[in-house]
Amino acid sequence: MNSTIETILGHRSIRKFTPEPIEHEQLQTIIQAGLAASSSSMLQVVSIIRVTDSEKRKQLAECAGNQAYVESAAEFLVFCIDYQRHSTIKPDVQVDFTELTLIGAVDSGIMAQNCLLAAESMGLGGVYIGGLRNNAARVDEILSLPGNTAILFGMCLGHPDQNPEVKPRLPIDVIMHENQYQTLNLDTIQAYDQAMQDYYANRSSNQKQSTWSQEVTGKLTGESRPHILPYLNSKGLAKR
């Protein structure tokens, strides 16, 4: 095992940070690592908004469900699908296909993970903030996004002020199929549920009595941000 794999396997979401800033050179390297990520057809359809204004940080924290670390982290980055630059180059480009929106979301995820891994390799920590989509239109307004762009998620980065445990993941044989889709082995899920129940009960903060199956099926029994498609459509995306 090398240091790169150790960094990947040691990932934890960090939600508590020291007041120490991230050095300019470190941030530049983190963003450069993001830019080095794969890009579908080299479209490069991602923009990152670095939010340094304290009032905007406060508003964004509220939009994300009052997540205080959006305000307290040394850096807060917002990742966006961006076809506006392409439309500026050639106004008659067609960017409203759903496939292009998917490309923007996929490329943003790849770029963001590169950024986070680069930060973690420096001893920094971070956490994704998908909660921005709870109030996507308001976040869009705060950040003054033009048409053909849309917010996806935020990322807090900073010097960790906590040392949480690594959360167990589903076993490889549940995730990886060979040659065709394999039937789910519920015995494997039961074993994983027990591992997650033990993790939740014994972790250093926010202990609870629950299993993975209970958590995810509970989340999937109700609406999941039904306002997102109208929001994307209003930005000229995912219309067809």
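A donor-acceptor pair under 3.5 Å links the side-chain atoms of Gln162 to the main chain of Arg15, judged by distance alone. At least one donor-acceptor pair under 3.5 Å links the side chain of His159 to the backbone N or O of Pro21. Arg169 contributes a side-chain N or O that, together with a main-chain N or O of Lys167, makes up a donor-acceptor pair within less than 3.5 Å. Between the Arg57 side chain and the Ala73 main chain, a donor and an acceptor come within less than 3.5 Å of each other. In this structure, the side chain of Arg203 engages the main chain of Ser205 through a donor-acceptor pair within 3.5 Å.
Looking at Thr149, Asp92, Asn148 one by one, the single match for side chain to side chain donor-acceptor pair (under 3.5 Å) with Ser87 turns out to be Asn148. The residue from Leu132, Leu145, Asn135 that alone fulfils the side-chain contact (heavy atoms from CB on, under 4.5 Å) condition with Asp140 is Leu145.
No path of Ile, Leu, Val, Met, Phe, Trp and Tyr side chains, each step under 4.5 Å between heavy atoms, connects Ile49 with Ile110, placing them in separate hydrophobic clusters.
Distance check: Met111 CE to Asp107 CG gives 7.5 Å after rounding to the nearest 0.5 Å.
Heavy-atom neighbours of Ile172 CD1 from other residues, nucleotides or ligands within 6.0 Å: at or below the threshold of 12. Heavy atoms from other residues, nucleotides or ligands lying under 6.0 Å from NZ of Lys56 number more than 12. Other residues, nucleotides and ligands contribute at most 12 non-hydrogen atoms within 6.0 Å of the CD atom of Gln32. Heavy-atom contacts from other residues, nucleotides or ligands closer than 6.0 Å to NZ of Lys219 number 12 or fewer.
Under a 4.0 Å N-O distance rule, the pair Glu55/Lys58 does not qualify as a salt bridge. Taking 4.0 Å as the cut-off between side-chain N and carboxylate O, Glu99 and Arg240 do not count as a salt-bridged pair. Look at Arg50 and Glu75 and you find a salt bridge, because one of the NZ, NE, NH1 or NH2 atoms lies within 4.0 Å of a carboxylate O, short of that distance.
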### Message
Determine whether Ile151 and Val139 satisfy the following criterion, side-chain contact (heavy atoms from CB on, under 4.5 Å), listing intermediate values before the conclusion.
### Response
CA-CA 7 Å; Ile151 66 105; Val139 173; 3.8 Å; yes

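Using cut-offs of 30° and 60° on the angle between ring planes, the pair Trp212 and Tyr192 is perpendicular.
Scanning all heavy atoms of the two residues, the minimum distance from Lys235 to Pro146 falls at NZ-O, 2.9 Å. The two residues Ser108 and Ile81 have their closest heavy-atom pair at OG-N, 4.4 Å.
Aromatic ring centres of Tyr181 and His177: separated by under 6.0 Å.
Glu178 and Gln182 share no donor-acceptor pair across their side chains, judged by distance under 3.5 Å alone. Residues Arg85 and Ser47 bring a donor and an acceptor atom of their side chains to less than 3.5 Å of each other. Between the side chains of Asp193 and Gln197, not a single donor N or O lies within less than 3.5 Å of an accepting N or O. Looking at Tyr200 and Asn206, their side chains never bring a donor and an acceptor atom within 3.5 Å of each other.
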